[in-house]
Amino acid sequence: MTRPVAWETFTAILFDLDGVITPTAVVHMRAWEEMFNAYLQEKTPGAPAYTDQDYFAYVDGKPRYDGVRDFLASRDIRLPEGTPEDAPELETVCGLGNRKNNAFNLVLERDGVEAYPGSVRFLDYLATLDVRLGVVSSSVNAPTVLKAAGLLDRFETVVSGAVADEQGLPGKPAPDTFVYAGKVLGATPSEAVVLEDAVSGVRAGKAGDFALVVGVDRGAGHDTLTAAGAGLVVSDLDELIPDPHSPDQHSPARGAQQ
């Protein structure tokens, strides 16, 4: 079902990456699972395994080290913070985060990644409009993933986890990374749209008072994303392409879904 949105009335469209443009969330989930379960067996043999439920509850959409810290806290494990330069072998929050990053890079290099076809169709549609596009991702690997998918040149700015660190921006669910990307593209929150599949990202868009927050349901659930603050929820981005044959597309209200 096509959802009427007057895309041409916005200055900028800000996309999350994993789970919105590319299915790299699956790669991330497996990398987290392997890293955490190996660590738990090393730290506390026989402990309950890390599961996909843990991913959605503690890790999804967050900066890498925040995900490590929050999951470990759920198991009453406290580690020294360390620094981003920590070797993956070190038993610190940053060390474990770097272990996961290494696992992700190995899988990406081996298997590559393809964008969701519906997302590519939506990007093709937006290319016909005078609207600026950006990616806002908690992953430091965002530019590498976009390049692997052949989409890096579609976006004027990529605010990755590395950029957030450089700029001192708190990660999602804080809105700062989205607000920063909007500024780079010359847009205030009231002139920009956020597209997110993670609860933390939807909450970030809502907290930033963006003109429209679109939830993309790749597993979190329509009701969950709506409760987090999405004004519109779709299952795939090509649902957002206007149907020229539908009378609803001739005069859609800007941000009416909010």
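None of the values given here were measured: they were computed from a predicted structure. All values below were derived from every heavy atom in this structure, side-chain atoms included, with hydrogens, water molecules and symmetry-related copies excluded.
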Q. When hydrophobic residues are tied together by side-chain contacts of less than 4.5 Å, even through go-betweens, does Val135 share a cluster with Leu151?
A. yes
(Q) Hydrophobic cluster membership, with links at side-chain heavy-atom distances under 4.5 Å among I/L/V/M/F/W/Y: are Phe56 and Met35 in one? (A) yes
For atom [atom1] of [X], decide whether the heavy atoms of other residues, nucleotides or ligands shown that lie under 6.0 angstrom number more than 12.
{"X": "Tyr125", "atom1": "OH", "value": "yes"}
{"X": "Glu114", "atom1": "CD", "value": "no"}
{"X": "Asp130", "atom1": "CG", "value": "no"}
{"X": "Asp223", "atom1": "CG", "value": "no"}

Would you say [X]'s side chain and [Y]'s backbone share a donor-acceptor pair under 3.5 angstrom?
{"X": "Lys100", "Y": "Leu96", "value": "no"}
{"X": "Asp54", "Y": "Thr51", "value": "yes"}
{"X": "Arg64", "Y": "Gly97", "value": "yes"}

Q. Going by the ring-ring contact (aromatic ring centres under 6.0 Å, His included) test, which pairs reach into residues 87-107, not counting sequence neighbours?
A.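 For residues 87-107, and leaving out neighbouring residues, the ring-ring contact (aromatic ring centres under 6.0 Å, His included) pairs sorted by first residue read His28-Phe104.
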Q. Which residues satisfy the ring-ring contact (aromatic ring centres under 6.0 Å, His included) test with Phe155, sequence neighbours excluded?
A. Phe15
Q. Would you call Lys62 and Asp70 a side-chain contact if the rule is heavy atoms closer than 4.5 Å?
A. yes
Q | Salt bridge Lys43-Glu91, side-chain N to carboxylate O under 4.0 Å | A |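 Looking at Lys43 and Glu91, the cut-off is met.
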(Q) Less than 3.5 Å apart, any donor N or O on the side chain of Asp86 or Thr92 sitting next to an acceptor on the other? (A) yes
